[in-house]
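Below is one structure, written out as structure tokens; comments come after it.
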Amino acid sequence: MAQVSINSDLGEWGLSTDSGERARLLQSPSVDIAPKSEGEAPPGGLGRGTTSTLGAIFIVVNACLGAGLLNFPAAFSTAGGVAAGITLQMAMLVFIISGLVILAYCSQASNERTYQEVVWAVCGKLTGVLCEVAIATYTFGTCIAFLIIIGDQQDKIIAVMAKEPEGAGGSPWYTDRKFTISLTAFLFILPLSIPREIGFQKYASFLSVVGTWYVTAIIIIKYIWPDKEMTPANILNRPASWIAVFNAMPTICFGFQCHVSSVPVFNSMRRPEVKTWGGVVTAAMVIALAVYMGTGICGFLTFGAAVDPDVLLSYPSEDMAVAVARAFIILSVLTSYPILHFCGRAVVEGLWLRYQGMPVEEDVGRERRRRVLQTLVWFLLTLLLALFIPDIGKVISVIGGLAACFIFVFPGLCLIQAKLSEMEEVKPASWWAMVSYGVLLVTLGAFIFGQTTANAIFVDLLA
């Protein structure tokens, strides 16, 4: 799951004062990119960065892994078992890696450094605006998921501290889920979300990596040496239907979505070459696949079809090793929410300034007041929705559909437009193959997005 931040200092980038420019400066933490200015780019088209190949692999893995890990055992259950889950992930991984390579190719061809900039330059204004709206919606939904995760883990931790049986009635008001989520959000998340700049991305990245690997290790260990009270329910061996397999796709998309932050990572490399980048993303996705498969397989086999959408909720509250995993997840989410909000807020800010037709430098005086208002509205809306949507699986399903747009739809459109812009009179077979592959990516992403949207409207809302 991508964790990204904004570099909104226009002067450092040598960019124009277009009122929408600020929204397209989406950057990845821990990425160091040389300023882009005319006349300084090498023949390859982009300035040299400082990130090594191994460093780029680590950053991509870090951007990919996150809280979406908790939903993978339930995805294996939804897909119909271990064999179906593995097959689905392996098949989707081919398209996921190709999308990352396509974005690097288009970034190099367009001389743009961020996801939005690439889409704007290659696909035009309309698709660029749709991309920005999708990013804002995705980050908004992910913030809701983060708050739900905080509530889920706090419920278990409080149950142990209060020494009360899970689900016991008559609990004190200060242990109520709505109160604990609200208190944590107001004390920690809101103060971290208001500042204009965020300087703790590196700490958030470190906590995310440590927490993710620890959770995976605990789930694998608990499968190998299970507690006596943990007995698996029905272990599915085949999917109930093809629709069930497709229902697992949004979770996989949400887990592997690192495409938005991949373009800045590519441009931060010392040798930003598409061939080298192909090796980087292949290695990174194999590592992420190992983590997700280890978590998904062991979590599913431990609990079977009874596994919770948040796998940590399936473990007893008294288990101290799992309690430490819950604490890691809470700390990671507390620092990840402000970063994702920062991205969404910057996109909303750029869309607003562009709609009003106001250059950035002429509106600096109102920036602080508008930023505080945007933050409060964003924070309160995500908090209210998190309080009344207790099922993390439903939220991940919806934002997983949006993740499919970043993984498949926009890269596919970029590939099609890039090939259509080539002016050869006689198109070679490879040209037609690339255009056809772009159409396939767009179709696949549109299918996943349409399916999740239909499920949200016709299943969840009408249930």
Side-chain angles (χ1 to χ4, degrees), residues 1 61 64-99 212-213 215-227 230-258 281-315 392-394 396-397 400-401 403-404 407-408 440-441 443-445 447-449 451-452 455 459:
M1 185 180 53
V61 171
C64 184
L65 298 178
L69 170 92
L70 302 177
N71 200 238
F72 265 73
F76 271 76
S77 178
T78 301
V82 173
I86 292 176
T87 303
L88 182 61
Q89 285 196 66
M90 295 295 292
M92 292 185 66
L93 197 67
V94 175
F95 298 104
I96 291 169
I97 293 174
S98 67
T212 300
W213 285 95
V215 169
T216 300
I218 288 298
I219 291 174
I220 294 175
I221 291 171
K222 289 295 179 180
Y223 167 68
I224 298 174
W225 295 288
D227 297 336
M230 291 193 308
T231 55
N234 180 37
I235 302 294
L236 303 175
N237 294 319
R238 63 183 63 183
S241 65
W242 285 109
I243 298 298
V245 176
F246 294 138
N247 286 337
M249 285 184 173
T251 298
I252 297 174
C253 291
F254 181 66
F256 281 97
Q257 199 289 110
C258 57
V281 296
T282 300
M285 292 301 102
V286 169
I287 294 172
L289 178 68
V291 174
Y292 283 136
M293 286 183 62
T295 304
I297 293 172
C298 293
F300 169 69
L301 293 178
T302 301
F303 301 103
V307 66
D308 196 277
D310 181 343
V311 66
L312 292 183
L313 298 185
S314 299
Y315 293 93
I392 184 65
K394 294 180 180 180
I396 288 182
S397 177
I407 296 174
F408 304 117
L440 176 62
L441 285 178
T443 303
L444 178 59
F447 170 77
I448 298 174
F449 176 73
Q451 181 199 24
T452 56
N455 285 342
V459 177

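The chain is numbered in sequence order, starting from 1.
Centroid-to-centroid, the aromatic rings of F246 and F447 come within less than 6.0 Å.
In this structure, T251 OG1 and I396 CD1 are separated by 6.0 Å, a value rounded to the nearest 0.5 Å. Atom OG1 of residue T452 and atom CZ of residue F254 lie 13.0 Å apart, to the nearest 0.5 angstrom. Put simply, OG1 on T78 and CG on N247 are 7.0 Å apart, with the number rounded to the nearest 0.5 Å. With rounding to the nearest 0.5 Å, the separation of CE in M249 from CZ in F449 is 16.0 Å. With rounding to the nearest 0.5 Å, the separation of CD1 in I252 from CZ in F76 is 7.5 Å. Going from atom OG1 of T282 over to atom CD1 of I287 covers 11.0 Å, rounded to the nearest 0.5 Å.
When every heavy atom of S397 is checked against every heavy atom of P250, the shortest pair comes out as O-CB, 3.5 Å. The two residues I220 and G294 have their closest heavy-atom pair at CG1-O, 4.0 Å. Nearest heavy-atom pair, F408 versus I448, reported as atom, atom and distance to 0.1 Å: CE1-CD1, 3.8 Å. Residue G400 comes nearest to C253 through the heavy atom pair O-CB, 3.5 Å, listed as atom of the first residue, atom of the second, then distance. Looking at every heavy atom in both residues, L65 comes nearest to W213 through CD1-NE1, 4.2 Å.
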Taking only distance into account, with no hydrogens and no angle test, what donor-acceptor pairs under 3.5 Å do side-chain atoms of residues 81-98 form with protein atoms, sequence neighbours excluded?
{"residue": "T87", "atom": "OG1", "partner": "A83", "partner atom": "O", "Å": "2.8"}
{"residue": "S98", "atom": "OG", "partner": "V94", "partner atom": "O", "Å": "3.3"}
{"residue": "S98", "atom": "OG", "partner": "F95", "partner atom": "O", "Å": "2.8"}
{"residue": "S98", "atom": "OG", "partner": "Y437", "partner atom": "OH", "Å": "2.5"}

Please output the side-chain donor-acceptor pairs of residues 299-309 that fall under 3.5 Å, not counting sequence neighbours, one pair per line with the distance.
{"residue": "T302", "atom": "OG1", "partner": "C298", "partner atom": "O", "Å": "2.6"}
{"residue": "D308", "atom": "OD1", "partner": "D310", "partner atom": "N", "Å": "3.0"}

N71 and V311: side chain to side chain contact (heavy atoms under 4.5 Å, CB included), yes or no, with the steps? CA-CA 6 Å; N71 200 238; V311 66; over 6 Å; no
